[in-house]
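Data block below; observations after.
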Amino acid sequence: MFPSDTAVWIVFPVILPLVAGLLCFLFKRGTFGIALAAAIGNFFVVCFLIYQMLVYGPMRCYIGGWHPPLGISLRIDGPALLMLLMTAATGLAVTLYARGYFLFRISDPLRARRHKRQQYYFWPLWMLLLTGLNGLFLSADIFNLYVTLELIAVSAAPLAALSGKPASLRASYRYLLISLIGSLTYLLGVVFLYRSCGVLDLALLQNLAGDGLGISTALVLLTVGLMLKTALVPLHFWLPPAHANALAPVSVILSALVVKASFYLLFRFWFEIFAPIISPSSLNFMGTLGALAIFWGAIQAMRQQRLKLMVAYSTVSQLGYLFVAFPLSMFVDGGQVWSIVVFIALTHACAKSAMFMVAGNVYLHLGHDRIKSLKGVRSSQPITVFAYGIAGVSLMGLPPSGAFIAKWMLLSASFASLQYWWAVVIAGGSLLAMIYVFRVMSHFFVIPEGESSKKNVSLSPLLEWPPLILALISLFLGLISPWVLKIVLYKDSGLLAQIFQGGLP
Amino acid sequence: MKKKWNNHIRGRNPFQLLFLFLLFMLTVILAVIFCNIPEKSSVLEAGIVSMQNQSGVNSPVTAVLLNFRGYDTLLEVMVLLIAVIGVWSLTKATSFGNTADISPVQLGVVHLLTPVMCLVAAYLVWQGSHLAGGAFQGGAILGAAGVLLLVSEIPWTHAVPALVLRIGLVFGPLIFTGIALYCLWARGGLLDYPTGSAGWLILLIETTCALSIGLTLALLFAGGRPDENGSEGDIQ
Amino acid sequence: MSYSILTFFDLILVLTLLSLSWHLLNSEDIFKAVVLFISFGLLMALAWVRMRAPDVALAEAALGAGLTGPLFLAALRRMNRCHKGERRLDIDENRDGDNEKKMEQPHQRS
Amino acid sequence: MITTMLYSLTGLILFGMGFYTLIIHSHPLRKILAVNVMATGVFLILVATAYIPVGQGDIDPVPHAMVLTGIVVSVSVTALALIFACKVQENSNLDLLRKRNHRKPMKERGL
C-alpha cells in the first residue's frame, strides 16, 4: 500500500474538480458529464482517504517534496476528512439537482437561451468552487488558506449573480465586497503572524504560538476576517439577500458549504493553533454572539414572507449553534472538541441543502415562493413536501438526527460545567426552529375550500430525489454516530490511532 | 463658484467623525503592537539559500513562487481564470468606440509598440529564472499590449472566435496542471519536479502561463463575453 | 537605528504616498480619483524598488497601475454611458438616486 | 530597522484610510478604489518586514512571492468587482428611467 508520508491520494480531491472546471469551461457540450464524473470521483477519493486514514492514522503530503518551513503541506485528519465528506456528498447531490433544475428551466422555450447560458457558466464556476473548498479543508498553510478563501469568494460571487435579476446582482456585489474586506483582514492577520513567528505552516505555528501581544492581535484579525465570511450575527447582513436571490442550486452551495469553510478555519485556529492563548472570557464572548445569532436568526426567519428568505435566515440561526459550541467544547465528555461541531455542520449541510432544494422545487412549480400562498403543494408535490418535513425535523434536532446528538452533547456539557444559560439558549433555539419550520408546513397542507387538490405534478426525479436522500441522511446521521466519532477521534493523535489499530508502523 | 472640492470631506455628521477617531485609534494601536513585535530572524530564509541549487532556478523569488510554493501559484492562476469566467457570465463585451475616430497616430503607435511589448514580455519571462521577472510580469505586459489593441479598435480583435479565446484562456492552467500531474506520476509528489529537469519545466510553465495571463487580463479589460451573433447555434 | 541619507528619501516617499492616497480617497470627482490612483500605483512601484523587491515593483507597475487604472477608466466610462447626456465631470458620488434633479441643473451642488 | 518601521507604519495608515473610505463613501467605484489601497497597504507591511539593508545579507523571498500572488489576486478581484458595479449601475439606471417615464407619453421616453 502507499507509504503514509508521501500519500499520493491526498491531492486528488483538489486536482479532480480543478481539471473538471477547466474542461467544463473549454467544451460547451457534455459539461454535465464532466462535472458528474468529477463529483463521483471526488466522493470515492474521499471515502478511500477515510479508509486510508483509519488504517494509517492522520497523514501529511508535502507538495513538491519540500518539508514545511519551506513548502506547503496538505494534511488529513478526522475533522478535515468529515468536512471533505460533507462537501463531497452535498456536492454530488447538488450536481444532480442542478442538472434537473436547468433541464426544467430550459424546457420552457420563453427564456431558454438565457437559462442555457446560465447552465453553461454554472458548471465551471461550481467545479472551481469545489476545488477551493477541498483545497481549504486539506491545506495546512495559512497563506495557502488565504488563496483558497479568495478562490471561494471569487467563484461564489458570480454564481450568486447568475440569475441576473437586479436584486441578486446587488446582493452578490455586496457579498463580493464583504468577503473582500474579510480576506484583507485575514491577510493582515497573516502578516502579523508571519512577523512574530516567521513561519507559515500550521503545525510549526502550533508549537511556536507563545502568548505574545503580536500573536493575539493576529488571532483577533484572523477571527474578525473569518467572522465576516461566516456571517456571525453583527456581520450577517449580507447573507440573507445573497442566498435567497440566487438560483436554487447556488443557494444550496452557498448556505450548506461556503459558510462552513470559513467556520472550519475559525474553529481550527481557536482550538488547535492558538489554543494556549484562548481565554475563557473570549470563548464566552463567541458563545454570546452565537446565542444572539440563534435568537436573531430565528425571529427574523419567523417574520419572512418568502420561503427562500426564511431558509436563509434559518442558516444565520443554525450558524449560531456552531458558535455556542465554543465555550462548551472544553467540557465535552471524552475531550472531543470537534465532535459537536462536526455533527452540527454535517446535519445542517444536509438538512439546509434539502430545504433550499425544496424551495427551488416550489418556485419552479408555482412560479413564486410566497409562504402565504403555498396552498395545496402537498398534493401536487408529495415527495418534495415529505423531504421538507424530514429536513425540518432534523434541523430542529429531534432524536435520530445528528443535530440531536450535537445538542445532547452541548446540553450535557453545559450541565457538567454548571453553565445552565447555555442549555436555555439551545432549548430556546430548537423551539424557535420548530416554530418557523412548522409555520411553512401548515401552509403546505392547507387546501383552500374552493379548489380541489391539484393532481400530482411530476417533476423530474433529479429534482425530487436528491432533497429526500439528503434529508434522510441528515435524519439518520445520529444512528451512525459511533463511526463518525471514531473518525473524529483520529485527529492528530497518532498514538491513539495506533492503540485502536493495533500498533501499525 | 465656491471651492467645492473639499466641502464634503469634513465629516458632516458626528458619526463620521466618531468613526474616523475610532479607526485612527485602532490604527495607532496596531502600529504600536506591530512595531514592538520582537525581531524574529526568519527561519525560512536560511532554508531557501541551502535549497536554492536544487530548485533549478537561481532567482529566489521565482524559486519560491514556482518550486517551493508552486501549489499557491497553481491556485492563483485559477483565480485569474475564475475572474474571467465570472465576468463572461455577467455581461457582454463593450466596444470602445467606432474605428472612425481612432487617429492614425494612435494606430501607428500601436502597430509599432505591440511587437516591442511582446518582445519585452518574452524577455521578462526568460529573465525570470535568474533575475527579476517571471510569468506574471510577462503576462502583465502582454495584457497591456492587448489593452492597447482593444482600445484602438483593431478590427480583428472583435472577430476572434470564442472557442479560440477559451482555448487560450485554459491553455496555461491546463499545461500547469498537466505538468503537476506528470510530476505526481513520475516522482510520486505533486509538483515534485524530476531532478535536473526542474529548470526547463518551470520555464515551460512560465511561458504558457504568461500567454494565458496576458489573454486573461486583456479579456478582463474587454469586460464581457464576446458577442456570438455569428454562430446562432451554440450558447451566447 | 542607523540614520542614512536613504532615511531622508524614505520620509519624502512616505509622505508623498500618504498625501497622494488621502487626496485619492477623498477627491471630489471620481475621474480625478482614478488618475491619482494610477500615479499612486507608480509611486508604489518606486517604494517596492526601495524595499529591494524588483519583482514586486515590476508587477505593481504593470498590474497595479498599468492595468487596474485602465480597468477603472473603462468601468467609469461604461457607467457614465448609461447617463445619456450627463457629462463626465459632473458625476459625484452623493447623487443617491435623485438623478432627475441632477439632470436639470448639473452644476448645482445638491 | 527604521525603514521597516517607517514603511510598516505607512502600510497600516493606508489600510486604515482605505477602510474609512470604504465605509463612508457610497459610490461603488470609490469603494473598489479603497479596497485596492487597503490591499496595497497590507502588501507594503508584508514586504517591509522582510527588508534587510543592502549590506547585511540577502532578503527572505517568501514575502515577495506572497505579495506577487496577492497583487495578481487583487487585480482579478478588482476587475470582477468593477463589472459588478457596472451591472448594478445599469440596473439602477433602467429602474430610474422606467420610473421617470411611466408618466411621460411614449415619444418623449428616453429608453
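Letters A, B, ... mirror the listed sequences (proteins, then strands); counts begin at 1. What you see is a predicted model, and the numbers here were worked out from it, not measured in a lab.
Atoms OG1 and CG, from D:Thr78 and D:Asn36 in turn, are 4.0 Å apart once rounded to the nearest 0.5 Å. Distance check, rounded to the nearest 0.5 Å: CG of A:Leu187 to CD1 of D:Ile45 gives 9.0 Å.
The backbone N or O of A:Leu228 lies less than 3.5 Å from a partner atom in the side chain of A:Trp238, making a donor-acceptor pair. With hydrogens and angles ignored, the 3.5 Å screen pairs no side-chain donor or acceptor of A:Lys229 with any backbone N or O of A:Val258. No side-chain donor-acceptor contact under 3.5 Å links A:Ser139 to the backbone of A:Gly135.
Both the backbone and the side chain of A:Tyr173 come within contact range of chain D, judged by heavy atoms closer than 4.5 Å. The contact between A:Leu188 and chain D is made by backbone and side chain atoms together, counting heavy-atom distances below 4.5 Å. Using a 4.5 Å cut-off between heavy atoms, D:Leu22 contacts chain A through its side chain alone, with no backbone atom that close. Heavy atoms closer than 4.5 Å to chain D are found in both the backbone and the side chain of A:Ala157. Looking at A:Ile181, only its side chain comes within 4.5 Å of chain D, counting heavy atoms on both sides. Interface residue D:Thr4: only side-chain heavy atoms are found under 4.5 Å from chain A. Interface residue A:Leu169: backbone and side-chain heavy atoms are both found under 4.5 Å from chain D.
Counting heavy-atom pairs closer than 4.5 Å to chain A, the top-ranked of the candidates D:Pro63, D:Gly70, D:Ser76, D:Ser92 is D:Pro63.
Side-chain contact check for A:Ser73 and A:Asp141: no donor-acceptor pair (N or O, by modelled atom type) lies under 3.5 Å.
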